[in-house]
Number of protein chains: 2
Amino acid sequence: MSSKRTQPARIYWTINELSRSYDVTPRTLRHYEDVGLLSPLRKGTQRLYRERDRVRLQLILRGRRLGFGLPEIQEMLDLYDADPTEVTQLRHTIRRGDAKLQELHDQVEELKTLIEEITELRATMQHRLDQILRQED
Amino acid sequence: MSSKRTQPARIYWTINELSRSYDVTPRTLRHYEDVGLLSPLRKGTQRLYRERDRVRLQLILRGRRLGFGLPEIQEMLDLYDADPTEVTQLRHTIRRGDAKLQELHDQVEELKTLIEEITELRATMQHRLDQILRQED
DNA sequence: CATCTAATTTACGTTAACGTAAATTAGATG
DNA sequence: CATCTAATTTACGTTAACGTAAATTAGATG
């Protein structure tokens, strides 16, 4: 098992640094904070994002690419925040994790079905194309 | 190869019949028509949905479950409407189908990664829970 | 101290995907 | 013909996820 706890190259990022490296606007980062997805530190009035915020942002953006809404992304991020000393919390969080996993598996299945259908459609069109081109000779 | 062209049980559905069987409101069906996703016949002023509209509606609703927007769903539906006698159209549609397939494959990969992460998180929480319960004895 | 620059807050604007209410119409039925 | 019922159109409303503009602030620099 490879050890975790590798030193991150940096400790703090400003809003502009973080927004540039993930190709989002500062406004987007502030919005994610407004709805509770991120919670950077403050140095006076300025936001300071830590490694934790960076990781969360990556999860958020992947969630968006996958078509999830921010509330649903929130639910998934919450899974990472269960107090590991509280039996009740652990039990509940495991249950919700299982439910989410079920949904995600279903979604993979639907995506695969869609891929199959388009693949078959593609093949049909290719055959038609080949037929036409052969007739032209 | 099983023959296609099975007789559908019915030929026409009204907007209420269709909306009930797919658990959407009539307004939703009208909206999909407004944006060009469906195009039912008219008997006077009344809409008549055919088998084709039913199939399209299924594709639309699956697209929505997968998190796609209506314009993106439109693109995918367009793949089914290429004129199979036009070489140029076939070529273009095959290309766009391939591009879409690439995106869908990427999306499956991201989903699988997400599933793996949550699965591992679940395992970690289960271990913590087991530890705590053992200590209580 | 004056001037930049990066960041901030406030607040109104926009797009997508319908919801909802109101007024109208077309057949079916007694 | 009167009355229902299922549909229709019109048009304004709502939520999500930010965009955008304006006014303000906090350090950094000459």
Side-chain angles (χ1 to χ4, degrees), chain A residues 10-50 53-54 56-78 100 103 107 110, chain B residues 10-50 53-54 56-78 100 103 107 110:
Chain A
R10 287 183 67 173
I11 301 194
Y12 296 130
W13 290 266
T14 73
I15 196 169
N16 273 326
E17 290 168 346
L18 198 62
S19 70
R20 274 174 204 136
S21 41
Y22 289 95
D23 200 35
V24 296
T25 68
R27 168 67 175 136
T28 297
L29 298 183
R30 294 193 188 103
H31 181 65
Y32 291 161
E33 185 176 349
D34 282 342
V35 299
L37 294 176
L38 296 178
S39 42
L41 293 177
R42 294 286 177 138
K43 185 181 109 194
T45 177
Q46 193 181 354
R47 288 170 175 82
L48 290 183
Y49 295 87
R50 290 158 292 177
D53 301 300
R54 253 174 37 81
R56 290 197 140 226
L57 180 57
Q58 290 183 7
L59 295 176
I60 295 168
L61 295 178
R62 184 177 56 193
R64 295 255 60 208
R65 285 194 300 275
L66 290 172
F68 299 127
L70 298 189
E72 193 167 357
I73 292 175
Q74 176 74 276
E75 284 178 29
M76 301 184 33
L77 287 176
D78 287 346
K100 188 59 71 178
E103 290 178 30
Q107 194 160 342
E110 286 208 306
Chain B
R10 288 183 66 172
I11 301 193
Y12 296 130
W13 290 266
T14 72
I15 196 169
N16 273 326
E17 290 168 347
L18 198 61
S19 69
R20 275 174 203 138
S21 42
Y22 289 96
D23 199 34
V24 296
T25 67
R27 169 65 180 147
T28 296
L29 297 182
R30 295 194 187 104
H31 180 65
Y32 291 161
E33 184 176 351
D34 282 342
V35 298
L37 293 176
L38 296 176
S39 42
L41 293 177
R42 295 284 178 140
K43 185 180 110 197
T45 177
Q46 193 180 358
R47 289 169 176 81
L48 290 182
Y49 295 87
R50 291 155 294 177
D53 300 301
R54 254 173 38 83
R56 290 198 138 225
L57 180 56
Q58 291 182 7
L59 295 176
I60 295 168
L61 295 179
R62 185 176 55 192
R64 294 255 60 209
R65 283 193 301 273
L66 290 172
F68 300 128
L70 297 188
E72 193 167 358
I73 293 174
Q74 175 74 276
E75 285 179 29
M76 301 185 33
L77 287 176
D78 286 346
K100 189 57 74 181
E103 288 176 32
Q107 194 161 341
E110 286 210 304

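Naming convention: chains lettered A, B, ... in sequence-line order (proteins, then strands); numbering from 1 in each chain.
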Next item on the list: Runs of at least three consecutive Watson-Crick or G-U pairs, both distances under 3.5 Å, are what I'm after; which ones involve DNA chain C?
Entry: C:1-30 with D:1-30
Check: With sequence neighbours left out, which residue pairs that include part of residues 29-40 of chain B fulfil the salt bridge (Lys or Arg N to Asp or Glu O under 4.0 Å) condition?
Finding: B:E33-B:R42, B:E33-B:R47
Next item on the list: Any salt bridge (Lys or Arg N to Asp or Glu O under 4.0 Å) involving residues 67-76 of chain B? Give me the pairs, sequence neighbours left out, ordered by first then second residue.
Entry: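 Every salt bridge (Lys or Arg N to Asp or Glu O under 4.0 Å) pair that includes a residue of residues 67-76 of chain B, provided the two are not neighbours, is B:E72-B:K100, B:E75-B:K100.
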Next item on the list: Look at the side chain of A:R64 and decide which nucleotide, out of D:dC18, D:dT8, C:dA17, has an atom nearest to it.
Entry: D:dC18
Next item on the list: Mind checking side chain to side chain contact (heavy atoms under 4.5 Å, CB included) for B:T14 and listing every partner two or more places apart, or none if nothing turns up?
Entry: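 Partners of B:T14 under the side chain to side chain contact (heavy atoms under 4.5 Å, CB included) test: B:N16, B:E17, B:Q46.
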Checklist line | Residues in side chain to side chain contact (heavy atoms under 4.5 Å, CB included) contact with A:Y12, at least two apart in sequence or another chain | finding: A:L41, A:L48, A:R50
Item checked: A:T28: side-chain hydrogen bond (donor to acceptor under 3.5 Å, both in side chains) partners, not counting sequence neighbours -> A:T25
Next item on the list: Using the test side-chain hydrogen bond (donor to acceptor under 3.5 Å, both in side chains), find all partners of B:S39 that sit at least two apart in sequence or belong to another chain.
Entry: none
Item checked: Interface with DNA chain D, restricted to residues 67-77 of chain B and to heavy atoms under 4.0 Å -> none
Next item on the list: Give me the residues of residues 21-33 of chain B where at least one heavy atom lies under 4.0 Å from an atom of DNA chain D, by number, or none.
Entry: B:R30
Next item on the list: To the nearest 0.5 Å, tell me how far A:M76 CE sits from A:R62 CZ.
Entry: 7.0 Å
Next item on the list: Look up atom OH in A:Y32 and atom CD1 in A:I60, then write down how far apart they are to the nearest 0.5 Å.
Entry: 6.5 Å
Next item on the list: With sequence neighbours excluded, tell me which residues meet salt bridge (Lys or Arg N to Asp or Glu O under 4.0 Å) with B:R65.
Entry: A:E110
N/O to N/O distances under 3.5 Å, protein versus nucleotides 22-27 of chain D:
none

If you restrict it to nitrogen or oxygen atoms, what contacts under 3.5 Å exist between nucleotides 2-6 of chain D and the protein, and what is each distance?
none

Next item on the list: Find the distance A:D34:CG to D:dA16:P and express it as a whole number of Å.
Entry: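 So the CG-P distance, A:D34 to D:dA16, works out to 14 Å.
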